[in-house]
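Throughout, a chain's letter reflects where its sequence line sits, starting with A, and its residues are numbered from 1. What you are looking at is a predicted structure, and each value in this text was computed from that prediction instead of being measured.
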Amino acid sequence: MTLRLYDTATRAVREFVPVTPGQVGIYHCGLTVQGPPHLGHIRKEVTFDVLRRWFEFRGYCVTLVANITDIDDKVLAKETEQDEPWWSIAYANERALHAAYAALGCLAPTYEPRATGHIPEMVELMAQLIERGHAYPADDGSGDVYFDVRSWPDYGALSHQRLDDMEPATDAAARGKRDPRDFALWKGHKEGEPVTASWPTPWGRGRPGWHLECSAMVGKYLGDEFDIHGGGLDLRFPHHENELAQSTAAGRPFARYWMHNAMLNLDGEKMSKSVGSPLLVSEVVKRFRPIDVRYYLVAPHYRSVIEFTEAALQEAATAFQRIEGYVVRATEVTAGVDPATGEPDPDFTAAMDDDLAVPAALAALQGSVREGNKLLVDGDSPALAANLAGVRRMLGLLGLDPLDPGWQDSGPDRSAEVVDGLVTALLDQRHDARARRDFAAADAIRDRLREAGVEVEDTPQGPRWTVAG
RNA sequence: GGUGGAGUGGCCGAGAGGCGAGGCAACGGACUGCAAAUCCGUCUACGAGGGUUCAAAUCCCUUCUCCACCUCCA
């Protein structure tokens, strides 16, 4: 049984063959930490989290690297906007990103390098490119360094575009570029920009262009040739195209497979274009349980666009709760099983091997749940325990095992409301008992409440209660 | 202008020439004191128009609508 993955570069599903047998190196573009993450960002995270879990299930030793781009134009723009140092803004958003990972059950990457921590590696890469004739410092003395796209015949290979068909950048003319499509490896420090956002290079002080950091960091941590490079489909061009060009032009074979997840749209367009991006992860998890949100993001194929609607998310939650209901009931009956001993359904495994066909895998899972529910009628049995372990194993591979400790206490805690409702119900009964002068019954209710830790006092405005203690 | 992707039943969402994924909802039945949950069953499909084929959601042509990217993007 082999694992097949869709490779954006060749536009085909290809059998996965690792650079090093038994190991897989995955790099996916984390985030430019210019704002807190929304549901679209976290969809990418969840996609690669599932990929990673599947590789581990398949016996691979996974090295997962996701970058943090903590310096770029947008981060600097926020400094002015928010009147706060750029590095403080970047760090705050990085922590928000980590909180979102944790909330939605994404395992931590093996490493998460920051762009600002890898300036020497970038300078080294630029020097290689200049030496090989694929990059040049701008003639205008700005300190910018550009990649020379005309010097690299393969430019456009990833996105299958011809250089001459591309729309030229509108800002190119004034910036000392040899060709309008040349992209900045490095941006010279400009008057008015914070000095903290500049680093020395042989070509003057400046800061990374957007693409250079990924090539530098992936090379450092995964090597010149590695297995999978991923990210959102919107990164394919220019970001990944440029990474590919600058890395290969420097003599590095680079990624063997390119994987891109589709966008999550809101009101018919990409979320990042929506004003204010209302679907911040931190907001959504106030209204929906994180595990339900994860199910919603995992359930469609990763290469299908998700049109976000509240109703669809609600429906996903209902669908997941059916699965969860079985897991909880079966666990009560069997006194628990170790999911690590569970066997996934063969259809589940086959689906996942086929470019992570989660929808088909979920169909297999639903079948197992149905079988389990039938077994549940007869109470505990070895068959039920085996089924439960299998279901939990499959759920775990999607990061959706509801009994995983990571999900405990996640989501809105409604217990205070529930306690209030229960106490009120009892106080109503006590009121009725007093109204019919059945003081023995009324006192019995008050005593039961006191035993449970609730003190009741009668006041002219009616009874009030407090949690004793 | 260039490069891709999508349009499937009330809804979500797979599939990519034959044997109609799956879920949610609805309806019928079983179970239940009543519910809930669960199980069994039923129903509704492939944007439009042509064509190829014994057979088309799937291939071809025409057409409509939508989305992404073309140097800010996950």
Side-chain angles (χ1 to χ4, degrees), chain A residues 8 11 28-32 34-35 37-48 66 69 72-75 77 97 146-147 149 156 158-172 175 177 179-184 209-211 230-242 260-265 267-273 277 295-296 299-309 311-323 325-326 328-330 347 351 354 357-367 369-377:
Chain A
T8 316
R11 294 176 182 164
H28 65 90
C29 287
L31 227 58
T32 299
Q34 45 120 350
H38 57 57
L39 229 41
H41 295 128
I42 211 70
R43 178 187 190 189
K44 189 260 312 178
E45 234 38 74
V46 165
T47 297
F48 286 93
T69 296
D72 87 326
D73 292 353
K74 281 199 155 183
V75 175
L97 180 63
Y146 294 110
F147 185 87
V149 294
L158 181 64
S159 54
H160 302 97
Q161 297 185 96
R162 292 178 53 244
L163 212 42
D164 293 320
D165 291 335
M166 293 179 192
E167 288 180 358
T170 49
D171 65 338
R175 294 174 55 194
K177 289 184 179 181
D179 185 284
R181 298 161 193 85
D182 288 353
F183 61 89
W210 173 32
H211 319 291
L233 190 55
D234 53 350
L235 294 187
R236 189 178 44 150
F237 191 93
H239 185 53
H240 288 162
E241 189 75 71
N242 292 354
H260 291 101
N261 61 279
M263 298 292 97
L264 188 148
N265 291 356
D267 296 329
E269 62 177 25
K270 202 169 72 167
M271 185 170 305
S272 54
K273 289 186 173 172
S277 286
Y295 180 86
Y296 174 67
H301 190 95
Y302 75 91
R303 288 193 281 117
S304 294
V305 174
I306 298 179
E307 281 295 340
F308 178 86
T309 64
L313 175 50
Q314 185 57 60
E315 186 188 289
T318 307
F320 179 71
Q321 283 161 23
R322 171 186 142 78
I323 297 170
Y326 164 68
V328 170
R329 278 176 282 117
D347 289 342
D354 182 16
V358 174
L362 280 176
L365 178 81
Q366 304 272 13
V369 169
R370 177 170 293 111
E371 286 309 307
N373 273 319
K374 284 191 223 174
L375 291 167
L376 201 49
V377 174

Counting any heavy atom closer than 4.0 Å, what does [X] reach on the DNA or RNA strands: base, sugar-phosphate only, or nothing?
| X | value |
| --- | --- |
| A/His41 | base |
| A/Thr47 | nothing |
| A/Asn373 | sugar-phosphate |
| A/Gly30 | sugar-phosphate |
| A/Leu376 | nothing |
| A/Gly40 | base |
| A/Asn242 | base |

Using 30° and 60° as the class boundaries, would you call the ring planes of A/Tyr296 and A/Phe308 parallel, tilted or perpendicular? perpendicular
Where along nucleotides 25-33 of chain B does protein come under 4.0 Å, by heavy atom, of base (B) or sugar-phosphate alone (S), with - for untouched nucleotides? ---------
Output yes when A/Lys74 and A/Asp72 qualify as a salt bridge under the 4.0 Å nitrogen-oxygen rule, no when they do not. no
Only counting residues at least two apart or in another chain, list the ones meeting side-chain contact (heavy atoms from CB on, under 4.5 Å) with A/Thr318. A/Gln314
Polar pair under 3.5 Å, donor/acceptor by atom type, side chain A/Lys74, base B/C72: yes
Is there a donor and acceptor pair closer than 3.5 Å between the side chain of A/Gln366 and the base of B/G22? no
Whole-Å distance separating the NE2 atom of A/His240 from the C1' atom of B/A68: 15 Å
Using the C1' atoms only, state how far B/G9 lies from B/C46, rounded to an integer number of Å. 9 Å
